[in-house]
Amino acid sequence: MKRCVIGIAAHVDAGKTTLAESLLYTAGMIRRKGRGDNGTAFLDTEQVEKERGITVFSHQAVLETESSLFTLLDTPGHEDFSAQTEQAVSVMDTAILVISGTDGIQSHSLPLWRIMERHRLPVVIFVNKIDISAKSREELLSELHTLSDRVCPFDDMEGIAGTDEALMNEYLESGELSDESLAKAFGERAFFPCVFGSALKGEGADELLRLLDTLAPEPRPKDTLSGRVFKVTYDGNTRLTHLRLTGGTLSPRDFIGEEKINALRIYSGSRYTTADRIYPGMTAAAAGLTSLRPGDVFGDESTTFTPVFEPVMTYRVIPPEGMDEFAVQTVMQRLEEEEPLLGVQADSTGVHVKVMGEVQLEIISRRFSELTGKTPSFDSGTVAFLETIAAPADGAGHFEPLRHYGEVHVHMEPLPRGSGITIDSKVSEDVLQGVWQNSILSALSEKRHKGVLTGAPLTDVHITLTAGKDVLWITGCRIPCNTADHTSDHVFRVDFMSDPDCLCGSDKLIMQMLVGILICLVRQACGHTQELDGVVDLIECQPMMNQSLVFREACLSEPDIMVDGLSVKPSAAMFFQIERCIEMPDSNQRFNAVLMHFFKHVTIEFHPCL
């Protein structure tokens with residue numbers, strides 16, 4: 001059975017939810033058709049949706065035909081909730097764009113079409129309210145051609161054949177088009193079939209279901225467990241992560257990353273059934289996941305998208321009586337999980353949120369009241385400005401958290417208006433390992449950068465990673481593991497740690513390190529050894545390539561061991577040979593220097609003492 005996700009999107013009041021009800025009723029999934037405008041729709045499950053008569057959140061239903069198992073997604077039509085629609089579009093296999101026959105193409109129809117085009121979605125156009133439209137079908141079809149000249153009625157085989165050379169050849173040879181050829185061309189966006197009907201009266205629903213059953217493409221599953229998150233909701237205190245699976249299978253007690261799934265729910269309206277297993281092409285709400293947010297991907301599903309819709313207003317939240325700003329921030333961050341573009345920020349002036357308009361602000365206030373029993377207020381709001389740079393600039397920074405060190409250099413260039421932020425790297429992996437570069441690029445892409453004039457988000461900038469340096473911790477010492485300078489006068493600092501046995505238990509470790517000699521100092525006292533507190537320098541760099549070294553690892557069960565006549569504590573962990581005795585300035589004590597040679601791209605094997 002074919003499994004795929006079908007989504008419905010439209011300008012508000014075009015009849016989108018009514019069409020979803022008609023499809024579910026025609027397929028026998030519900031017994032009675034509801035309506036969004038009177039609060040009886042099967043898919044408008046939230047109380048605020050029933051009261052306002054509009055879809056605020058995306059909802060799903062199971063729609064089963066003879067040969068297909070569809071997940072039907074109903075998305076918000078009001079532009080204030082466009083972020084919900086955009087996240088839902090990201091998991092669709094086929095989209096249905098509903099156009100009102102009385103109003104034609106409306107203001108929000110064009111952005112929706114562009115989003116579908118951006119995601120390369122096959123699109124079916126349903127022209128609704130044809131029974132009360134003053135426009136003829138020809139006039140409406142001419143208007144649809146402003147979206148694309150490849151829009152054709154599904155019953156016009158000759159017109160469809162004219163959109164694709166392969167379809168034309170088949171039509172000329174046989175006088176008809178096979179379902180396989182139509183499905184292939186539809187999946188490749190060679191044409192966009194349209195259906196005329198009335199969702200309220202059920203006209204066109206049968207034809208639309210047959211079209212979907214025939215043409216809707218089933219995605220090719222990926223080899224490993226993969227998927228995309230498109231929504232987060234709460235059922236009481238249970239956090240539900242709504243995801244679409246694109247590869248592998250998923251069951252309760254399986255792990256995504258380090259988080260275990262406790263249960264899988266398949267929703268249909270407000271009801272749900274628990275699933276023992278889901279397959280590619282299905283969606284489910286997973287309980288137990290706490291870190292994944294809408295837009296996140298896992299497994300081989302690596303494609304991410306920058307949102308098209310961005311909030312245009314910023315409001316300061318005025319705490320209700322009895323709540324401080326910290327409590328307000330906590331609640332707003334909870335709501336931000338459901339609405340990622342809320343952009344909750346707290347500073348010295350208070351807690352701020354970003355919204356698309358006043359309708360969304362009312363819904364946020366309503367959701368806040370449902371969670372706390374108190375109603376917040378907001379200031380008059382300001383326009384959410386963006387900043388960019390006027391000329392190229394360079395930046396650098398270094399970071400020294402516990403036991404780590406990092407250094408990053410970037411070059412920034414201005415881009416044309418509307419380009420957003422793009423990121424790349426020009427650093428060789430000989431200078432900075434690929435794993436660190438990927439980490440830097442990921443951090444740059446995930447962070448919302450602030451401008452320097454007003455603190456507004458940065459946009460229209462190309463950021464290039466130009467240089468970097470990192471530090472690797474090896475048995476108690478921090479060692480710069482990449483540098484372009486291997487000359488003898490390049491000096492680094494090496495710190496001792498309190499627990500240098502961090503590599504105990506490892507069998508083999510492949511590392512990339514600085515070519516040179518690290519000197520570890522130990523002190524003899526009463527036949528035992530003691531690590532020297534303080535810092536020593538990497539005082540000598542000698543290229544010794546193409547040599548292999550085998551280090552011994554001290555047995556922790558032994559109090560100390562002898563190497564070349566020197567008693568060495570197990571905490572020294574690794575050693576190679578005793579080079580010479582040295583005297584430290586301003587000290588009457590003598591120290592033995594244990595030299596450890598490190599090489600670039602060397603395999604270090606650890607052998608336990610026998």
Side-chain angles (χ1 to χ4, degrees), residues 5-21 23-24 34-61 71-92 95-100 103 106-116 119 121 123 126 128 199 229-234 242 244 267 269-270 283 285 294-295 305 307-313 335-342 353-367 370:
V5 179
I6 309 295
I8 306 179
H11 185 94
V12 65
D13 291 334
K16 166 186 52 59
T17 300
T18 306
L19 176 61
E21 299 283 317
L23 291 174
L24 292 171
R35 294 181 56 173
D37 55 0
N38 61 17
T40 60
F42 176 75
L43 287 173
D44 284 346
T45 61
E46 299 289 337
Q47 185 62 34
V48 65
E49 296 175 318
K50 299 178 185 295
E51 293 176 2
R52 298 187 66 96
I54 62 172
T55 301
V56 174
F57 307 100
S58 61
H59 299 287
Q60 75 175 57
T71 298
L72 185 66
L73 292 180
D74 183 27
T75 64
H78 199 288
E79 59 186 11
D80 277 13
F81 310 104
S82 299
Q84 288 263 346
T85 301
E86 190 170 7
Q87 291 294 349
V89 168
S90 71
V91 299
M92 295 179 187
I96 302 172
L97 179 63
V98 181
I99 301 295
S100 171
D103 301 307
Q106 297 170 275
S107 59
H108 196 47
S109 304
L110 293 175
L112 290 173
W113 178 265
R114 287 195 292 268
I115 290 175
M116 296 170 185
H119 288 264
L121 279 179
V123 181
F126 186 85
N128 194 25
V229 177
F230 66 95
K231 182 180 174 183
V232 170
T233 60
Y234 279 84
H242 297 253
R244 183 262 171 84
Y267 274 88
S270 59
T283 65
F305 300 95
V308 171
F309 296 108
E310 292 282 353
V312 296
M313 296 293 293
L335 297 179
E336 188 180 19
E337 292 190 64
E338 303 174 4
E339 184 59 72
L341 295 185
L342 199 57
V353 295
K354 297 179 180 179
V355 299
M356 296 289 291
E358 292 184 357
V359 176
Q360 186 184 13
L361 201 63
E362 292 177 19
I363 300 302
I364 291 172
S365 179
R366 174 72 173 266
R367 293 284 293 125
E370 291 173 356

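From a predicted model like this one, the values you see are computed outputs, not experimental measurements. Computed over heavy atoms, backbone and side chain alike; hydrogens, waters and symmetry mates excluded. Position 1 is the first residue of the sequence, and the numbers go up from there.
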Give the minimum heavy-atom separation between [X] and [Y], together with the two atoms involved.
X	Y	answer
Met356	Gln360	N-OE1, 2.7 Å
Met92	Ala95	SD-CB, 4.2 Å
Asp80	Val359	OD2-N, 3.1 Å
Glu339	Ala83	OE2-CB, 3.1 Å
Gln106	His11	NE2-CD2, 3.4 Å
Thr17	Ala41	CG2-CB, 3.7 Å

[Y] side chain reached by [X] side chain, heavy atoms, under 4.5 Å:
X	Y	result
Ile54	Pro76	no
Arg52	Ile363	yes
Ile8	Phe126	no
Ser109	Ile99	yes

Basic-acidic side-chain contact under 4.0 Å: [X], [Y]:
X	Y	value
Lys50	Asp44	no
Arg366	Glu51	yes
Glu338	Arg367	yes

When rounded to the nearest 0.5 angstrom, what is the spacing between [atom1] in [X] and [atom2] in [Y]?
X	Y	atom1	atom2	answer
Lys354	Glu310	NZ	CD	8.0 Å
Leu121	Trp113	CG	CH2	10.5 Å
His119	Arg114	NE2	CZ	13.0 Å
His59	Thr233	NE2	OG1	9.5 Å
Leu335	Glu370	CG	CD	9.5 Å
Leu112	Phe309	CG	CZ	5.5 Å

In this structure, are over 12 heavy atoms from other groups packed under 6.0 Å from Glu358 atom CD?
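It does not: Glu358 CD has 12 such atoms or fewer within range.
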If you apply the rule side chain to side chain contact (heavy atoms under 4.5 Å, CB included), what do you find for Leu342 with Val355, and how did you get there?
CA-CA 6 Å; Leu342 199 57; Val355 299; 4.1 Å; yes
Checking [X] side chain against [Y] main chain: does a donor-acceptor pair fall under 3.5 Å?
X	Y	value
Asn128	Val98	no
Glu49	Val56	yes
Asp74	Leu43	no
Gln84	Thr75	no

Taking atom types as modelled and ignoring hydrogens, do the side chains of Gln87 and Ser58 form a donor-acceptor contact shorter than 3.5 angstrom?
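No donor-acceptor contact under 3.5 Å links the two side chains.
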Would Phe57 and Thr45 satisfy side chain to side chain contact (heavy atoms under 4.5 Å, CB included), going step by step from the backbone distance to the final call?
CA-CA 9 Å; Phe57 307 100; Thr45 61; over 6 Å; no
Applying side chain to side chain contact (heavy atoms under 4.5 Å, CB included) to Thr18 and Glu21, what does each step give before you reach the verdict?
CA-CA 5 Å; Thr18 306; Glu21 299 283 317; 5.5 Å; no
Set out, in order, the CA-CA distance, both residues' side-chain angles and the distance that settles side chain to side chain contact (heavy atoms under 4.5 Å, CB included) for Ser82 and His108, then state yes or no.
CA-CA 9 Å; Ser82 299; His108 196 47; 3.3 Å; yes
